[in-house]
Each structure stands twice: as C-alpha cells, then as structure tokens.
**Student:** 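Sharing a structure below in structure tokens format, with a few things to ask.
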Amino acid sequence: MLLIYLSIGLIAGFLGGLFGIGGGVIVVPALILLFEFSTPSDLQSTSTATIVLLVVGTSMASIIFTAGSAAFTQYHKQNLDWRVVRDWVPLLAVGALTASCVAEFLPVAAIKVLIGLVLVGSSVLLMFNLFPKSNNRQPNKIQRFSVSTVGGFISGLVGLGGGNIVVPTLIYFNYQMKTAVAVATVGAFCIALFATLGYVLTGLDLEVSNSFGYVYIPALIPIALTNLVAAPLGVQLGHKLPSVIFRRSFGVVMFVIALRMFYSVF
C-alpha cells in the first residue's frame, strides 16, 4: 500500500506542477477508488461515508505542503500582488473552513457527485482550453464575497486547492495569468490549512486507527513528501514541452475518472 501512496503522490505532484492545478484533483479520486477496491486493514470496519471524509481531509492536509512550497516560490519570485491576496484569500479560507465543518452531515453520494462535477469542469477546461476572456473590469465587493466564499466552500468540500476556480475567475476579472496563479497558490495554502483544521476538529471523536480527525496519516505522509519532490519537476517540464497534447490527455483522464465517480454513486 505504501508504494501505491507514493505513486499517487508522484503523479499528483508532477501533473499538478505540469498543468498548474492542485494535486487534490488526482489524490481525491485516486484514494476513493483505491479504498473501494483495496481497503486498508485499519479501515475495514469504517463506513463509506467516513472513508470519503478521510480521503477529503487527507487531500487537504497534503495540499498544505505542496501549496505552501509553491506559495513560497511565488513570493521569492515576487509574483504576488498582496492587494489581490487581501481581497480574495481570507474569504476563500472562511468558505473552506465552513465546508469542513458541515461535510460530515452531508450524504456521501452528494459529495461524490460534487467531486465528479468538479472533475468534469476541470477536464473540459483542460481539453478545450476554455479559460474565460477578461471582461475588462474589476469585481465589486459582492462579487468577490460570493465567488470567494462559494469557491472556498466547494474546494474544502471536495478536497481541492481551489486553483480550478480561482485562476479562471481572476482571469475573467482582468487579472494577469501570473497574478492569478500566484494568488491561487496562496489561496490553496490557506484553503488547505483552514479546511484541514476543520476536518481534524470535527473528527476528533472518530475511532479510526492511524487517523488524526479526518486525516489518514498512513496516506498523508508519503503523498505529501512525494508531492513536494514531484511538483517542481512538473513545473520545469511544463516550461520546456508543448502542453497542448499533455493538457488534453490529462483532461480525458480526468473525465474518465469523473465518470467512474458517478458510476460508484449509482
């Protein structure tokens, strides 16, 4: 099982760095499918609903390490616009914390369907490069509040870093791609940090071996460590190779994973 966790971490980190999306988009469906077919011995008596929450919580915890490393790199390269970070990131974190606190009360099928929908949306964006065109105006406070809280909530609920939502949104509101990606990395770190806190606190009374709240430690450690190693490699390769074929291929893979997620619900 350790080898599988390491493989998931390597693939998630590498593809996340290559395509500029959070590793959670790989970690969450991969762990859900893995535990459906090969449940670890310490999770044998654990309900499906609890396993899904453990997967989401573990994904959020792993993103703390990868997004934190990416955010530090963006800061070092002076790509961060702190005014934009101030306007968007706090509400993203609030939305993620809220999601982690209510997730255990939602039907597991609803969470799986939402994960599948996010994967489908991400796959379509990647396959057809459907990032929105700028509308040449800045968002007002209501728009920032709505998009940030809802984006953070969805990200916290499905175990993603939020880049799939933040980057297209900021591009639409006339921010440069470099700024959007940099803000998304800081946002992913804060989303992951606050969501993980919520998943830990709401799961403190959980009687599952080797877990800390809804964070499954045997999966977290190898995935987080290999993410840290693989993500920079993906970033470097992304600057050297034409990304169209890779992007579309990855979009197809995510679409297939989404279909499998929907199938598991029904």
**Student:** Would you compute the distance between atom CD1 of I51 and atom CD of Q44 and round it to the nearest 0.5 angstrom?
**Tutor:**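 Here the rounded value is 8.5 Å.
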**Student:** Apart from L6 itself, what residues make up its hydrophobic cluster, given side-chain heavy atom links below 4.5 Å?
**Tutor:**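 Hydrophobic cluster check, L6: joined to L2.
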**Student:** Report yes or no: does S146 contribute a side-chain atom to a donor-acceptor pair with the main-chain N or O of Q143 at less than 3.5 Å?
**Tutor:**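 No, the answer is negative, given that no donor and acceptor are paired below the 3.5 Å cut-off.
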**Student:** Determine the minimum heavy-atom distance between L206 and S211, stating which atoms define it.
**Tutor:**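 Minimum heavy-atom contact is CD2-OG, 4.4 Å.
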**Student:** Other members of the hydrophobic cluster containing L3, with the 4.5 Å side-chain heavy-atom rule, please.
**Tutor:**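 Members besides L3: none; it forms no cluster.
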**Student:** Apply side-chain hydrogen bond (donor to acceptor under 3.5 Å, both in side chains) to T46 and list each qualifying residue two or more places apart in sequence or on a separate chain.
**Tutor:**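 Partners of T46 by the side-chain hydrogen bond (donor to acceptor under 3.5 Å, both in side chains) criterion come out as none, since no residue qualifies.
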**Student:** Mark yes or no for whether S123, through its side chain, and L119, through its backbone, hold a donor-acceptor pair below 3.5 Å.
**Tutor:**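 Yes, because the side chain of S123 sits within donor-acceptor range (under 3.5 Å) of the backbone of L119.
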**Student:** Are Y75 and F189 grouped together when hydrophobic residues (ILVMFWY) are joined by side-chain heavy atoms under 4.5 angstrom apart?
**Tutor:**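 No, Y75 does not connect to F189 through the hydrophobic network.
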**Student:** State, to 0.1 Å, how close A99 and L157 come at their nearest heavy-atom pair, and which atoms those are.
**Tutor:**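 Looking at all heavy atoms of both residues, the shortest contact is CB-N, 3.6 Å.
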**Student:** So, for S59 and G159, which heavy atoms are closest and what is the spacing to 0.1 Å?
**Tutor:**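 Result for this residue pair: OG-O, 2.6 Å.
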**Student:** Where is the tightest heavy-atom contact between G116 and A258, given as atom of each residue plus distance?
**Tutor:**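 The answer is O-CB, 3.6 Å.
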**Student:** Would you say V158 and V56 make side-chain contact, with heavy atoms under 4.5 Å?
**Tutor:**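 V158 vs V56: side chains apart.
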**Student:** Residues two or more places apart in sequence or in another chain: which of them pass salt bridge (Lys or Arg N to Asp or Glu O under 4.0 Å) with E36?
**Tutor:**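 Applying salt bridge (Lys or Arg N to Asp or Glu O under 4.0 Å) to E36 gives K112, R260.
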**Student:** What's the spacing between L160 CG and I154 CD1 if we round to 0.5 Å?
**Tutor:**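 Result: 10.0 Å between the selected atoms.
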**Student:** Let me confirm one number: the CD1-OG distance from I26 to S62, rounded to the nearest 0.5 Å.
**Tutor:**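 I26 CD1 to S62 OG: 12.0 Å, rounded to 0.5 Å.
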**Student:** Can you measure from CZ (F153) to OG (S148) and round to the nearest 0.5 angstrom?
**Tutor:**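 F153 CZ to S148 OG: 15.0 Å, rounded to 0.5 Å.
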**Student:** Could you work out, with side chain to side chain contact (heavy atoms under 4.5 Å, CB included) as the rule, every residue matching A30, not counting sequence neighbours?
**Tutor:**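 Per chain and number, A30 pairs via side chain to side chain contact (heavy atoms under 4.5 Å, CB included) with I8.
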**Student:** Who pairs with F72 by side chain to side chain contact (heavy atoms under 4.5 Å, CB included), at least two apart in sequence or on another chain?
**Tutor:**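 Testing F72 for side chain to side chain contact (heavy atoms under 4.5 Å, CB included), a comparison that skips the adjacent residues, returns none.
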**Student:** Is V183 reachable from Y172 through a run of hydrophobic residues whose side-chain heavy atoms are each under 4.5 Å from the next?
**Tutor:**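 The answer is yes; both residues are in one hydrophobic cluster.
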**Student:** Take Y175 and T169 through the test side-chain contact (heavy atoms from CB on, under 4.5 Å) and record every step on the way to the result.
**Tutor:** CA-CA 9 Å; Y175 293 103; T169 300; over 6 Å; no
**Student:** V27, V200: one ILVMFWY side-chain cluster at the under-4.5 Å cut-off?
**Tutor:**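 Shared cluster, no.
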**Student:** If you apply the rule side-chain contact (heavy atoms from CB on, under 4.5 Å), what do you find for F35 with L54, and how did you get there?
**Tutor:** CA-CA 11 Å; F35 292 162; L54 282 168; 5.8 Å; no
**Student:** Report, as yes or no, whether the 6.0 Å neighbourhood of atom CZ on F194 holds more than 12 heavy atoms from other residues, nucleotides or ligands.
**Tutor:**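 Not more than 12 within 6.0 Å, no.
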**Student:** Can you tell me how far apart CZ (F145) and NZ (K141) are? Round to the nearest 0.5 Å.
**Tutor:**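 Here the rounded value is 12.5 Å.
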**Student:** Atom CD1 in I191, atom CD1 in I64: separation rounded to 0.5 Å?
**Tutor:**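 Spacing of CD1 (I191) from CD1 (I64) equals 12.0 Å.
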**Student:** Pairs under 3.5 angstrom only: tabulate donor-acceptor contacts from the side chains of residues 84-98 to other protein residues two or more places apart or in another chain.
**Tutor:**
residue: T98; atom: OG1; partner: V94; partner atom: O; Å: 2.9

**Student:** Is the CD1 atom of I142 crowded by more than 12 outside heavy atoms at less than 6.0 Å?
**Tutor:**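 12 or below, so no.
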**Student:** Determine whether L201 and M60 fall in the same hydrophobic cluster, where Ile, Leu, Val, Met, Phe, Trp and Tyr are linked whenever their side-chain heavy atoms lie under 4.5 Å apart.
**Tutor:**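 No, it is not one cluster - the side chains of L201 and M60 are not joined through contacts under 4.5 Å.
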**Student:** Around atom CD of E207, are there more than 12 heavy atoms from other residues, nucleotides or ligands closer than 6.0 Å?
**Tutor:**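 No.
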**Student:** With hydrophobic residues grouped by side-chain heavy-atom distances under 4.5 Å, do V28 and V215 end up in a single group?
**Tutor:**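 No, it is not one cluster - the side chains of V28 and V215 are not joined through contacts under 4.5 Å.
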**Student:** Please find the pair of heavy atoms, one from A230 and one from G9, that lie closest to each other, and give the distance.
**Tutor:**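 Minimum heavy-atom separation between A230 and G9: CB-O, 4.5 Å.
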**Student:** What residue pairs, at least two apart or across chains, pass side-chain hydrogen bond (donor to acceptor under 3.5 Å, both in side chains) with a residue in residues 193-202?
**Tutor:**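 Output for this query is empty, none listed.
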**Student:** Can you list the residues that meet the side-chain hydrogen bond (donor to acceptor under 3.5 Å, both in side chains) rule with S47, with sequence neighbours excluded?
**Tutor:**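 Residues passing side-chain hydrogen bond (donor to acceptor under 3.5 Å, both in side chains) with S47: T50.
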**Student:** Closest heavy-atom contact between Y216 and S209?
**Tutor:**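 Between these two residues, the closest heavy atoms are CE1-O, 4.0 Å.
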**Student:** For N210, give me all partners under side-chain hydrogen bond (donor to acceptor under 3.5 Å, both in side chains), at least two apart in sequence or on another chain.
**Tutor:**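 D42.
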**Student:** Could I get the full list of side-chain hydrogen bond (donor to acceptor under 3.5 Å, both in side chains) partners for Y214, not counting sequence neighbours?
**Tutor:**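 Counting only residues at least two positions away or on another chain, Y214 forms a side-chain hydrogen bond (donor to acceptor under 3.5 Å, both in side chains) with E104.
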**Student:** Please tabulate, for side-chain N and O atoms in residues 218-229, each donor-acceptor pair with protein atoms closer than 3.5 Å (sequence neighbours left out).
**Tutor:**
residue: T226; atom: OG1; partner: P222; partner atom: O; Å: 2.6
residue: T226; atom: OG1; partner: I223; partner atom: O; Å: 3.2
residue: N227; atom: OD1; partner: G13; partner atom: N; Å: 2.8
residue: N227; atom: ND2; partner: I223; partner atom: O; Å: 3.4

